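First comes the structure, then the notes that go with it.
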Amino acid sequence: MRILKLGGNEIDDPTWLARLVAVIQTMVNVNDVPILVHGGGKEIGQLQVALGGEPQFVAGLRVTDQTALKAATMVLCGMVSTRLVAALNAVGVEALGLSGVDRNLVYATRLEHAAGDLGAVGKPARIRATVLYEALAADVVPVLAPLCADGVGGTLNVNADVFAGAIAAAVGADEAVFISNVPGVLVDGVVAPRLNTDDIQALIANGTISGGMIPKVESALSGLQAGVKIVRITNIDQLDAGTIIEAA
Ligand SMILES: Nc1ncnc2c1ncn2[C@@H]1O[C@H](COP(=O)(O)OP(=O)(O)O)[C@@H](O)[C@H]1O
Ligand SMILES: CC(=O)N[C@@H](CCC(=O)OP(=O)(O)O)C(=O)O
């Protein structure tokens, strides 16, 4: 089983989307039905600004006030999910858009961050993998938005990398591929072919890995610790290359 995490920087680019759809179609044709998890950070930021808010991040996580939560919900569960599902269905790949809220797929708790209060930011606490197995058994591609239920009727904004790592762990995925707008983790301007836990800690500490790359490498490591066999960070053009993350 394979999880593909789709970053939000290029998800509004028709050329990128066409490439993605071709990749998914090829997989489905050989009965290798992936689970897709998408972000949407760029478009959330744009909507947040249009609604009068101001995007703010701590270690790659969006500080989520009520305006940010509204923007995240509209972009993730509405615009991006619908765009992906429509593009896949149009080529005969049956896709089903779900967020963590649907069927209680992912219940999250509020994230307590060392840097302080991030607002309505969640971390996945319980995942109903059976909801995903049912879709896969019917050859339906789950298209997952990382908005989650808080268990008491509200919602929490979960970073899409964190969500993808948790889903990969919960379904016992063989492989998780983080598809971003960079060809891998860059160190001195060059893609690092392999990075382990110690490398990653050092690269975060010296600022080489920053911003949105932080939750990506941290989620990659937690996925590996939970049993995911291969984790890769790459872009849509070099799906078999990029940076392989190793636990040890
Ligand atoms: N060492 C690094 N190598 C590559 N990208 C990095 C690195 N450190 C920070 N980044 C930034 O992380 C971004 C990817 O994270 P993010 O914008 O959250 O993407 P996504 O939407 O794919 O999750 C890159 O576009 C780049 O600006
Ligand atoms: C808490 C948090 O950071 N949530 C993210 C969810 C979307 C996301 O992660 O999108 P990308 O994959 O494009 O970065 C956000 O609001 O931007």
Side-chain angles (χ1 to χ4, degrees), residues 3-13 16 20 36-49 53-81 84 99-100 106 108 110-111 113 115 117-124 144-148 155-167 176-193 195 199-200 202-220 232-236 238 242-243 245:
I3 312 297
L4 302 183
K5 188 272 169 167
L6 316 173
N9 288 307
E10 299 175 313
I11 215 159
D12 59 343
D13 173 357
W16 184 94
L20 175 82
L36 307 185
V37 172
H38 64 82
K42 186 179 80 176
E43 289 172 278
I44 295 169
Q46 290 166 351
L47 183 55
Q48 209 183 339
V49 170
E54 196 183 317
Q56 199 191 330
F57 292 87
V58 171
L61 304 175
R62 187 182 307 276
V63 177
T64 305
D65 61 9
Q66 283 311 301
T67 305
L69 185 61
K70 190 190 276 189
T73 307
M74 291 167 79
V75 168
L76 294 171
C77 306
M79 212 156 63
V80 175
S81 174
L84 290 169
S99 78
V106 182
R110 213 174 162 105
L111 179 72
H113 198 279
D117 183 15
L118 303 190
V121 173
K123 60 171 182 193
L144 306 181
L147 203 86
C148 291
T155 54
L156 291 167
N157 183 14
V158 174
N159 179 273
D161 296 323
V162 174
F163 186 96
I167 292 281
V177 184
F178 292 81
I179 302 173
S180 189
N181 64 333
V182 282
V185 181
L186 299 169
V187 177
D188 298 328
V190 177
V191 173
L195 291 175
D199 299 329
I200 286 168
L203 292 170
I204 292 175
N206 73 17
T208 302
I209 291 177
S210 63
M213 192 50 74
I214 297 176
K216 216 176 292 301
V217 291
E218 288 181 342
S219 304
R232 188 191 300 277
I233 297 174
T234 186
N235 65 14
I236 196 75
Q238 289 146 92
T243 302
I245 308 294

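One-based numbering, in listed order, for ligands and for the atoms of each. In this text, all values refer to a predicted model and were calculated from it rather than measured experimentally.
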Report yes if some heavy atom in the side chain of Thr73 is under 4.5 Å from a heavy atom in the side chain of Lys70; otherwise report no.
no
Would you compute the distance between atom CG of Leu203 and atom CG of Leu195 and round it to the nearest 0.5 angstrom?
6.0 Å
Heavy-atom contact check, 4.0 Å cutoff: does Gly40 meet ligand 2?
yes
Among all protein heavy atoms in this structure, tell me which lies nearest to atom 17 (O) of ligand 2, with the distance rounded to 0.1 Å.
Arg62 NH2, 2.9 Å
For the pair Lys5 (side chain) and Phe178 (backbone), establish whether a donor and an acceptor sit closer than 3.5 Å, ignoring hydrogens and angles.
no
Verify, without hydrogens or angle tests, whether Thr243 (side chain) and Val185 (backbone) share a donor-acceptor contact under 3.5 angstrom.
yes
Taking every non-hydrogen atom, the tightest pair across Gly41 and Arg62:
O-NH2, 2.9 Å
Are any of the N or O atoms of Thr64 closer than 3.5 Å to those of ligand 2?
no
Counting heavy atoms only, which part of Val158 comes closer than 4.0 Å to ligand 2: side chain, backbone, both or neither?
backbone
Does Asp161 reach ligand 2 with a nitrogen or oxygen that is under 3.5 Å from one of the ligand's nitrogen or oxygen atoms?
no
What pair of heavy atoms forms the shortest contact from Ala68 to Val63, and how long is it?
CB-O, 3.9 Å
Using a threshold of 4.0 angstrom between heavy atoms of the protein and any atom of ligand 1, which residues qualify?
Lys5, Gly7, Gly8, Asn9, Asp161, Ser180, Asn181, Val182, Gly184, Val185, Leu186, Thr208, Ile209, Ser210, Gly212, Met213, Lys216
Under 4.0 Å from a heavy atom of Lys5: give me the atoms of ligand 2 that qualify, with their elements.
11 (P), 12 (O)
Quick check: closest heavy atoms across Asn206 and Thr208, and the distance to 0.1 Å?
OD1-OG1, 2.6 Å
Heavy-atom closest contact (Val75 atom, Gly40 atom, distance):
CG1-O, 3.8 Å
Geometry only, no angles: is Val121 polar-contacting ligand 2 at N/O separations under 3.5 Å?
no
Is the backbone of Gly119 close enough, under 3.5 Å, to the side chain of Thr64 for a donor and an acceptor to pair up by distance?
no
Enumerate the atoms of ligand 2 whose separation from the nearest heavy atom of Leu61 is less than 4.0 angstrom.
3 (O)
State, to 0.1 Å, how close Val187 and Ala192 come at their nearest heavy-atom pair, and which atoms those are.
CG2-CB, 4.0 Å
What distance separates Asp161 CG from Lys216 NZ, expressed to the nearest 0.5 Å?
3.5 Å
Taking the side chain as every heavy atom from C-beta outward, state whether Lys42 and Ile11 have any pair of such atoms under 4.5 Å apart.
no
Closest approach of Pro124 to Val106 (non-hydrogen atoms, all atoms of both residues):
CB-CG1, 3.8 Å
Looking only at protein heavy atoms, which one is nearest to atom 7 (C) of ligand 2, and how far off is it?
Ile44 CD1, 3.8 Å
With respect to Ala160, determine whether any N or O atom, backbone or side chain, lies less than 3.5 Å from an N or O atom of ligand 2.
yes
For ligand 2 and Gly8, I'd like to know whether there is a polar contact (N/O to N/O, distance under 3.5 Å).
yes
Would you check whether Gly41 has a nitrogen or oxygen atom less than 3.5 angstrom from a nitrogen or oxygen atom of ligand 2?
yes
Restricting to heavy atoms, the pick from Asn157, Val80, Val75 nearest atom 5 (C) of ligand 2 would be Asn157
Quick check: does Lys42 get an N/O under 3.5 Å from an N/O on ligand 2?
no
